[in-house]
Student: 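Quick one: the structure is below, and I'll ask about it shortly.
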2 protein chains.
Amino acid sequence: MKEYFIQNAKDFIGEEVTLKGWAYNVRKSGKIWFLMLRDGTGIMQCVVTKFDADEDSFNIKDSITQESSVIVTGEVKEEPRSPGGYEMLAKKVELVSIAEEYPISLKEHGIDYLMDKRHLWLRSKRQHAIMRIRHTIIKSIRDFFDDRDFTLIDTPIFQQAATEGTATLFETDYFGEPAYLTQSGQLYGEAGAAAFGKIYCFGPTFRAEKSKTRRHLTEFWMVEPEMAYYDLDMNMDLAEAFVQYIVSQVLEHRRPELETLERDISILEGIQTPFPRISYTDAVKILQKNGVDFKWGDDFGGADETIISSQFKSPVMVHRYPAAIKAFYMKRDPENEEQVLALDMLAPEGYGEIIGGSQREDDIDLLIQRIKADGATEEDYAWYLDLRRYGSFPHSGFGLGLERVVTWLCGLKHIRETAPFPRTMTRLNP
Amino acid sequence: MKEYFIQNAKDFIGEEVTLKGWAYNVRKSGKIWFLMLRDGTGIMQCVVTKFDADEDSFNIKDSITQESSVIVTGEVKEEPRSPGGYEMLAKKVELVSIAEEYPISLKEHGIDYLMDKRHLWLRSKRQHAIMRIRHTIIKSIRDFFDDRDFTLIDTPIFQQAATEGTATLFETDYFGEPAYLTQSGQLYGEAGAAAFGKIYCFGPTFRAEKSKTRRHLTEFWMVEPEMAYYDLDMNMDLAEAFVQYIVSQVLEHRRPELETLERDISILEGIQTPFPRISYTDAVKILQKNGVDFKWGDDFGGADETIISSQFKSPVMVHRYPAAIKAFYMKRDPENEEQVLALDMLAPEGYGEIIGGSQREDDIDLLIQRIKADGATEEDYAWYLDLRRYGSFPHSGFGLGLERVVTWLCGLKHIRETAPFPRTMTRLNP
């Protein structure tokens with residue numbers, strides 16, 4: 001049997017079809033009632049009259065409730081006055097299941113209440129728009145790398161060592177020994193780049209962040225490309241083309257959803273390559289010029305990032321950071337020992353860091369020095385150091401946090417709406 | 001600067017290009033030496049002579065070792081006698097880094113040794129073939145659902161409750177309360193189907209399997225579609241079309257890799273829809289006819305699955321299992337209370353179960369009964385039961401284990417080679 005979905009209504013105008021879904025809303029008016037039918041792909045106004053529908057179907061108006069599941073058969077026609085532009089003249093209405101009084105009404109609810117009802121809140125127009133944009137961003141991410149002959153290398157969730165510091169690790173008992181949930185696939189990605197040249201990984205990563213901020217989830221998806229024989233400039237070229245591609249795909253495929261979210265689309269349309277590139281040192285000068293008491297060597301906070309990014313319409317790439325505030329695996333700047341060849345990309349409008357990356361240290365002696373300075377041992381990174389023993393090579397990569405990008409492109413105030421079932425310090429349910 | 005990769009050699013025949021990679025092998029023969037250059041996308045034979053190359057380049061033969069990183073510039077030409085069909089006449093060879101004696105030689109190594117060196121073993125032709133096939137399967141999975149208007153709903157890794165029994169849970173301390181790593185996204189997927197109609201999730205799942213078998217990883221990727229208003233037959237139709245699509249994509253895009261693995265391609269080409277569908281009861285008869293001492297009500301073991309699947313050239317779907325051996329959320333067969341509307345798909349050639357699925361119980365009273373029979377409470381499944389309170393609807397779905405499918409299509413004896421960095425009971429490193 002052929003399936004019909006509301007989002008494809010234009011393909012079955014004039015046909016009698018069956019739609020299956022839920023009652024989004026019901027309005028009654030004497031000899032006629034209107035069922036706003038939600039099928040997960042869209043909403044269709046179904047008009048039910050005694051004239052066109054049989055009596056049982058018509059009388060369903062007396063028992064149907066919001067979110068009751070229902071199957072409607074009838075002819076679909078164009079109707080510019082109807083939301084969505086189409087309307088169904090119902091011939092038959094079947095009530096599959098009557099819903100109890102639905103706990104989410106059109107009135108305002110508090111965010112904690114809605115998050116407790118996340119499994120139901122996902123049925124709303126706003127959450128639909130966000131999840132569809134999220135899906136498009138994910139597809140764009142994979143298409144971008146697949147089209148450029150990157151090999152997908154899924155890096156492991158269970159790891160023996162910390163990539164990004166030990167303060168934010170989730171630990172589990174792995175048959176008697178401790179294992180940690182991945183904070184980043186990068187070290188494994190470097191092994192992948194040595195094997196396949198250009199690789200990416202894209203999966204969930206974990207940080208036991210004790211801070212309750214609007215930018216942090218404990219569980220989030222990150223895509224991390226790693227490229228053999230790429231230096232910092234090539235890394236920035238790729239990051240720029242990548243983000244521009246994501247923006248263009250969302251603008252091309254998800255304009256109605258952006259409108260639902262009342263996103264200022266013109267701001268997204270204003271994003272253009274080449275993105276500005278400034279050194280950390282120049283970024284510090286911007287802060288000082290704006291009256292911030294900031295010393296070279298400090299790390300940027302959220303407020304600092306907002307000031308820096310507000311100077312530009314497109315995302316800005318800040319490069320060459322002080323070595324002391326960056327990870328051990330970043331390559332020293334040959335022109336200045338105090339710096340590493342790092343890059344961060346800051347989204348416009350104060351949305352903060354969406355990309356962090358670097359050229360990697362390929363000199364084994366310098367790498368061991370940094371590992372020891374961090375209080376770790378060569379043994380802790382034995383296999384990672386092998387990548388420098390057996391054909392060390394210049395290489396670079398970066399990580400992009402999916403939910404940060406969803407927050408930015410959707411224009412959300414808080415990251416918690418960007419995941420179907422978000423996990424924060426205080427939220428593990430539903 | 002334009003990048004050149006060996007896999008695209010046919011696009012730059014006659015051009016002078018620069019290739020960057022590693023020395024896969026070196027053969028020396030007086031006034032000429034041959035460098036098999038590996039760049040991650042393929043292998044190119046580079047011919048180095050005193051006549052075409054400068055003296056420094058020629059003399060690199062005296063210091064270059066296996067897996068040393070190297071950059072070679074020269075003209076590429078067709079050469080049928082050369083592996084891959086192309087050859088480079090080197091003009092300049094630059095040694096980037098000399099590799100220490102490479103621990104993996106062409107001689108045979110034991111599997112434990114190779115797994116300890118997994119970060120290097122990935123550079124081999126065999127592992128390249130497997131990872132590329134894995135990548136193609138993943139892309140096929142996503143394309144299949146994206147092209148059919150499924151919405152991607154990433155389900156959470158951190159969960160409060162067990163989906164598939166409590167014996168195989170990994171636990172972590174989540175800011176003072178216990179959290180479990182997901183065994184399946186299904187329950188969340190059902191909430192997704194109520195919101196979006198047709199959804200899928202695709203991410204890592206975890207089982208603390210204490211068994212050391214050739215079919216189990218502790219960490220594996222699973223894709224789980226869930227469809228509103230689908231019954232068991234529609235579920236089987238979709239599962240069949242899905243697996244046939246994956247097989248066809250691998251045959252279309254990864255034939256050279258299948259040949260590298262010496263896979264019998266004709267067996268894969270023989271797979272055809274419709275796949276056979278037999279009831280559990282009929283499957284039991286097959287076992288009994290083959291002399292197996294098997295009672296109706298028992299669960300199939302690996303050996304049983306092999307006997308059943310060996311009757312067919314295509315994957316076989318076994319449906320309607322005894323309720324007692326299946327999960328609480330499966331819908332009772334209206335024609336036989338002892339059975340549930342489950343389906344398993346068994347791959348041919350003894351590769352075992354690749355899909356498990358069912359129509360879901362949509363009657364809240366029967367569902368609560370089964371939850372209590374399992375020793376759990378309504379509170380444990382409070383939000384899940386909401387899906388039956390607010391517009392309950394017939395729905396179905398299944399899960400396909402990625403690494404099982406990679407094992408099958410690659411024709412591997414053991415699942416451990418199907419993940420870049422596999423995790424088993426005894427393997428957490430590298």
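Order of the sequence lines sets the chain letters (A, B, ...), proteins ahead of strands, with each chain counted from 1.
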Student: Heavy-atom pairs under 4.5 Å with chain B - which of A:Tyr102, A:Tyr174, A:Phe170 has more of them than the others?
Tutor: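 So the answer, after comparing A:Tyr102, A:Tyr174, A:Phe170, is A:Tyr174.
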
Student: Go through the steps for A:Phe158 and B:Phe206 under the test ring pair (Phe, Tyr, Trp, His ring centres under 6.0 Å), then give the verdict.
Tutor: CA-CA 10 Å; A:Phe158 289 129; B:Phe206 306 88; 5.3 Å; yes

Student: Heavy-atom distance under 4.5 Å to chain A: side chain of B:Leu95, backbone, both or neither?
Tutor: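 B:Leu95 has no heavy atom closer than 4.5 Å to chain A.
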
Student: What part of B:Asp116 gets within 4.5 angstrom of chain A, counting heavy atoms only: side chain, backbone, both, or neither?
Tutor: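 When you check distances to chain A, no heavy atom of B:Asp116 falls under 4.5 Å.
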
Student: Between B:Thr136 and B:Arg254, is there a side-chain donor-acceptor contact under 3.5 Å, judged purely by atom types and distance?
Tutor: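 Yes.
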
Student: Out of B:Ala193, B:Gly192, B:Gly21, which one racks up the most heavy-atom pairs below 4.5 Å with chain A?
Tutor: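 The residue among B:Ala193, B:Gly192, B:Gly21 with the greatest pair count is B:Gly21.
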
Student: Say whether B:Asp11 and B:Tyr4, considering side chains only, have a donor N or O and an acceptor N or O under 3.5 Å apart.
Tutor: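 Looking only at side-chain atoms, B:Tyr4 and B:Asp11 do not form any donor-acceptor pair under 3.5 Å.
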
Student: If I measure from the heavy atoms of chain A, does B:Arg142 come under 4.5 Å with its side chain, its backbone, both, or neither?
Tutor: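 Just its side chain gets close to chain A.
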
Student: Who among B:Ile138, B:Ile98, B:Asn8 has the most heavy-atom pairs with chain A under 4.5 Å?
Tutor: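 Going by pairs under 4.5 Å, I would pick B:Ile138.
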
Student: In terms of heavy-atom pairs under 4.5 Å with chain B, which of A:Asp143, A:Val70, A:Asp146 leads?
Tutor: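 With the most close heavy-atom pairs to chain B, the winner is A:Asp146.
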
Student: Is B:Glu190 close to chain A through its backbone or its side chain, or both, or neither, when contacts mean heavy atoms under 4.5 Å?
Tutor: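 B:Glu190 has no heavy atom closer than 4.5 Å to chain A.
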
Student: At a heavy-atom separation under 4.5 Å, does B:Thr155 approach chain A through its side chain, its backbone, both, or neither?
Tutor: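 Contact with chain A is through the backbone of B:Thr155 alone.
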
Student: Under 3.5 Å, is there a donor-acceptor pair between the A:Gln159 and A:Thr182 side chains?
Tutor: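 Yes, side-chain donor-acceptor contact under 3.5 Å.
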
Student: Could you tell me which portion of B:Ala382 (side chain, backbone, both or neither) has an atom closer than 4.5 angstrom to a non-hydrogen atom of chain A?
Tutor: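 Neither the backbone nor the side chain of B:Ala382 comes within 4.5 Å of chain A.
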
Student: Counting heavy-atom pairs closer than 4.5 Å to chain A, which one of B:Arg132, B:Lys139, B:Gln127, B:Gln66 comes out on top?
Tutor: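 With the most close heavy-atom pairs to chain A, the winner is B:Lys139.
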
Student: With a 4.5 angstrom heavy-atom cut-off, is it the side chain or the backbone of B:Tyr230 that approaches chain A, or both, or neither?
Tutor: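 It is the side chain, since no backbone atom gets that close.
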
Student: So which part of B:Glu100 gets closer than 4.5 Å to some heavy atom of chain A, the side chain, the backbone, both or neither?
Tutor: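 Both parts, backbone and side chain.
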
Student: Using only heavy-atom distances, determine whether the side chains of B:Asp231 and B:His395 contain a donor-acceptor pair under 3.5 Å.
Tutor: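 No donor-acceptor contact under 3.5 Å links the two side chains.
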
Student: Below 4.5 Å from any heavy atom of chain A, which atoms of B:Trp221 appear? Answer side chain, backbone, both or neither.
Tutor: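 For B:Trp221, the side chain is the part near chain A, not the backbone.
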
Student: Counting heavy-atom pairs under 4.5 Å to chain A, which of B:Pro420, B:Ala191, B:Cys201 comes out on top?
Tutor: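 The candidate making the most pairs under 4.5 Å is B:Pro420.
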
Student: Verify whether one side chain among A:Gln160 and A:Tyr180 offers a donor that lies under 3.5 Å from an acceptor in the other.
Tutor: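 Note: A:Gln160 and A:Tyr180 side chains miss the donor-acceptor criterion.
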
Student: By a 4.5 Å heavy-atom criterion (distance strictly below it), what part of A:Asp154 contacts chain B: side chain, backbone, both, or neither?
Tutor: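 Both backbone and side chain.
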
Student: So which residue, B:Phe421, B:Phe393, B:Trp383, B:Tyr390, ends up with the most heavy-atom pairs under 4.5 Å with chain A?
Tutor: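 Winner by heavy-atom pair count: B:Tyr390.
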
Student: Quick one: of B:Pro422, B:Ala99, B:Ala23, who has the most non-hydrogen atom pairs under 4.5 Å with chain A?
Tutor: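 With the most close heavy-atom pairs to chain A, the winner is B:Ala99.
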
Student: Measure B:Arg148 against the heavy atoms of chain A and call it side chain, backbone, both or neither at under 4.5 Å.
Tutor: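 Neither part, no heavy atoms under 4.5 Å.
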
Student: Assess the side chains of B:Tyr188 and B:Glu226: does a donor N or O sit below 3.5 Å from an acceptor N or O?
Tutor: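 There is no such pair between these side chains.
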
Student: Name the region of B:Ala228, side chain, backbone, both or neither, that has any atom closer than 4.5 Å to a heavy atom of chain A.
Tutor: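 When you check distances to chain A, only side chain atoms of B:Ala228 fall under 4.5 Å.
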
Student: Tell me, side chain or backbone of B:Pro204 under 4.5 Å from chain A's heavy atoms, or both, or neither?
Tutor: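 The side chain, not the backbone.
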
Student: Verify side chain to side chain donor-acceptor pair (under 3.5 Å) between A:Tyr200 and A:Glu224, making sure each step is shown before the conclusion.
Tutor: CA-CA 5 Å; A:Tyr200 71 104; A:Glu224 296 175 88; over 6 Å; no

Student: Which bit of B:Thr424 comes within less than 4.5 Å of chain A, counting heavy atoms only: side chain, backbone, both or neither?
Tutor: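 Just the backbone, heavy atoms under 4.5 Å.
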
